[in-house]
Amino acid sequence: MCDINYLPAIEDYAQKCHSMRQGAVTKLREEGYIMENRGSFKLKLLAASAATVLALAGCTKQDDGTKSSDDDVQVTISDSKKLDLDLDGKSPLDKPFKLSGAEPLDVDGFITLLADEDDSSDFQYASSSFDSKSGATILQGVSTTDEDGTMTIGRLELYGVNDTYIQALKAGNISDTKDEIFRKVRMFDLEFVGAGDSDGSGTMTIGALEVDGLSFGGVNEDELEGMEDGAEFATIMKAFDLGGIYLKDLNLQGMESEGTGISATVADMRYGGFSGGNVGSMLFKNLDYTITQSTEAKAKLIAEADPQLAALLSGPLGNIVMPANQQASIESISWDGMSFAGMLPYLESGEQPPLDAKNLLSFGKIEAKNSEVFVNGKKASTTGYSALDPIEFAWLVPTRIRSYSKDTKMDLTAYVPDDQPEMMSLFQDNGLNNLTGDGEVLWTYDEKKGDAELDYDVDLTGFANIDLNFKASNAVLETLHTAASNGDDGAAFQEIAINGFNLRIDDEKLLDLAFGVAAMQTGQDAVQLRASAPLMINMGGAQFAQMNPAFPGYLNALSSWISSGGSLEISVDPDAPVSFADLAAQGQTAPESLPDVLKLSVTHSE
């Protein structure tokens, strides 16, 4: 089972993807890869390589282009591409590359071929040569300038450029099968300086960048013109193969927009390519980024926010919610196993996949190791390991989602500005300067039986533990799908039933902090505020006693927990599953009986 608002959207998945697919195609046209006039395909090799790298996040500076490896890599243009890459070993950039049977490239002719009469770019280079040993045409001192800024490349290596096919593509003569546009492009000592406007400011340097094996073909542009968006998207995705993108030493500085600045470095980024909807492995090593927020930017956000948010941002919690400087440092992030290949045939045909269709989607697994977060220059947290396990699907609905973290340590005083000593003392007194803990979220769904369960568990040693469990039933996928197809999804979802619910909060310092923060936010005394809360709650219980004699007991347990801490447990355990339809009907006719129907209990223990 999934969120009530999610399953109806699954029913018309292809239609819901309309804007995404249209946006992708529009973006290709805007960037110049698909020309509006029929039969004209523009491929700007170097610009495309740089744009792809920016989109995927990466680059940095390297001392020189010299590489070392135990063995040279010998390949031919016809070698097939691999989407899996070594996430633990050396980067492909650390291995010399040799292309068998390569011939020199006509550099000036190639540059002329890439030129576009509508493009104001100025491509220049200091010298060119052909290395017969590696098969590379080498350009030194490359620079290109356009309206976005200036890019310089110390050394550019071109392997297996298929200039004949590029000419054919430019003329609109696309091969019936995929042809390789180039085997490999390597660049060293890149620098891009933005033109200085709000979208193009900043400087990016890259030590080394490789774009491996780009192929294209099998697209009939006449057919593309008349295709539905889903079919057009699928056809274009099937027409491209990319062997991979790798970079070393990214340094991005000075990116700023409306008072928000971003800088980042990446020592090693690898992307295993793309083919037919299968997305290659991705790896980021030694990723660091910093986000800064100016006083003017915060003031602008407060002025435009709704009153409640504006009050929060203007109060003592404002600098905690939106600190001026945040930095993250992550040893490694890997993402492996993502694919939407199974959906492409259905998008191409304009049909919805049947419920028994397998392997339509895969999100793969995401792992992050040894991450640190700094706020205003002070370390706020470290996490040894966090992961999102591979999400399992039945049709297009997730049947298992598990996310968890281990070995987390936090010092939340990092979020408190130096000019708020009272808030600093509150955080320190309640142990927020030395928190440790782990957390896990698990969602499971049996699409045939219709059973679903959510578990949420966070343990913060010495502060609080929170355990939540929710169980539901009667959410059979086929039944929900049929109802949604017939326009009767509302009634079907009303038949989903609650089997049970349990929330347990073990308090050690949580309540002390909550009332301390509330007192600071409202200008009251924390002790008095906490002392008055149980009285207000119990007064309400006396009023509700006439509706249901169990109400005072519920509220008494809550007020006792607020007074003395300990554990609060809220549980729903009906004798039999209760549908949302029955709950709604009971709520209209006899709302006071709902606690009895659900077998609600609220208990407090020291």
Side-chain angles (χ1 to χ4, degrees), residues 13-14 17-18 20-25 27-28 31 33-34 41 43 48-49 51-53 55-56 75-87 92 160 162 165 169 174-185 210-221 223-224 227-246 270-283 334-354 356-366 390-393 395-396:
Y13 178 83
C17 287
H18 173 90
M20 179 191 73
R21 297 190 299 265
Q22 183 62 40
V25 175
K27 184 65 175 176
L28 287 171
E31 295 295 332
Y33 299 108
I34 302 178
F41 236 78
L43 295 170
S49 301
T52 304
V53 171
L56 290 172
V75 300
T76 62
I77 292 180
S78 61
D79 282 345
S80 61
K81 302 171 183 62
K82 295 183 178 179
L83 297 179
D84 57 329
L85 54 85
D86 186 356
L87 298 179
N162 192 344
Y165 188 41
L169 287 173
I174 302 172
S175 172
D176 292 335
T177 58
K178 289 179 185 176
D179 278 355
E180 196 161 59
I181 297 171
F182 60 82
R183 180 62 188 87
K184 191 182 295 289
V185 173
E210 174 179 317
V211 182
D212 183 42
L214 177 63
S215 299
F216 179 78
V219 177
N220 185 316
E221 284 195 87
E223 293 180 359
L224 274 179
M227 281 184 180
E228 295 292 331
D229 293 322
E232 185 178 23
F233 174 80
T235 302
I236 292 175
M237 290 299 98
K238 291 171 65 176
F240 281 97
D241 277 351
L242 175 65
I245 297 176
Y246 318 106
R270 309 175 198 179
Y271 169 55
F274 176 86
S275 180
N278 294 305
V279 180
S281 307
M282 285 174 271
L283 173 69
S334 62
W335 189 353
D336 190 20
M338 182 179 181
S339 174
F340 54 90
M343 276 299 300
L344 291 183
Y346 299 101
L347 292 173
E348 195 171 22
S349 66
E351 299 176 353
Q352 191 177 103
D356 59 356
K358 306 295 184 182
N359 303 318
L360 295 173
L361 296 172
S362 172
F363 281 178
K365 182 170 185 174
I366 303 175
I391 299 176
E392 299 174 9
F393 287 87
W395 192 53
L396 300 172

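Computed from heavy atoms alone, side chains included, the values below leave out hydrogens, waters and symmetry copies.
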> What is the minimum heavy-atom distance between Phe216 and Ile174, and which atoms define it?
Replying inline: CE2-CG2, 3.8 Å
> Does Lys178 reach the main-chain N or O of Lys238 with its side chain, forming a donor-acceptor pair under 3.5 Å?
Replying inline: yes
> Of all residues at least two apart in sequence or in a different chain, which pass the side-chain hydrogen bond (donor to acceptor under 3.5 Å, both in side chains) check with Ser339?
Replying inline: Asn278
> Which heavy-atom pair separates Leu396 from Pro353 by the least distance, and what is that distance?
Replying inline: CD1-CG, 4.5 Å
> Are any of the side-chain nitrogens in Asp336 or Lys365 under 4.0 Å away from the carboxylate oxygens of its partner?
Replying inline: no
>> How close do Tyr346 and Ala357 get, counting heavy atoms only, and between which atoms?
In response: OH-CB, 3.9 Å
> Quick one: side-chain contact (heavy atoms from CB on, under 4.5 Å) partners of Met227, sequence neighbours excluded?
Replying inline: Glu223, Leu224, Ala231, Glu232, Thr235
>> Under the rule for side-chain contact (heavy atoms from CB on, under 4.5 Å), what residues qualify as partners of Glu228, not counting sequence neighbours?
In response: none
>> Between Met338 and Leu361, does the side chain to side chain contact (heavy atoms under 4.5 Å, CB included) criterion hold? Intermediate values first, please.
In response: CA-CA 8 Å; Met338 182 179 181; Leu361 296 172; over 6 Å; no
> At their closest point, which heavy atom of Gly337 faces which heavy atom of Ser362, and how far apart are they?
Replying inline: O-OG, 2.7 Å
>> Applying side-chain contact (heavy atoms from CB on, under 4.5 Å), can you list everything that pairs with Ser349, at least two apart in sequence or on another chain?
In response: Glu351
> Which heavy atom of Gly213 sits nearest a heavy atom of Glu180, and at what distance?
Replying inline: CA-OE2, 3.9 Å
>> Can you give me the closest heavy-atom contact between Leu242 and Tyr271, atom names plus distance?
In response: CD2-CE2, 4.0 Å
> Yes or no on side chain to side chain contact (heavy atoms under 4.5 Å, CB included) for Trp335 and Val279, after CA distance, side-chain angles and deciding distance?
Replying inline: CA-CA 10 Å; Trp335 189 353; Val279 180; over 6 Å; no
>> With a 4.5 Å cut-off on side-chain heavy atoms, are Ile245 and Arg270 touching?
In response: no
>> Would Leu214 and Asp241 count as a side chain to side chain contact (heavy atoms under 4.5 Å, CB included) here? Give the steps.
In response: CA-CA 6 Å; Leu214 177 63; Asp241 277 351; over 6 Å; no
>> Using a 3.5 Å distance criterion without hydrogens, assess whether the side chain of Tyr165 forms a donor-acceptor pair with backbone atoms of Ser215.
In response: no
>> Within this structure, what is the CG-NZ distance for the pair Asp212 and Lys184, rounded to the nearest 0.5 Å?
In response: 3.5 Å
> Who pairs with Phe363 by side-chain contact (heavy atoms from CB on, under 4.5 Å), at least two apart in sequence or on another chain?
Replying inline: Ile391, Phe393
>> Nearest 0.5 angstrom please: Gln352 CD to Leu347 CG, how far?
In response: 11.0 Å
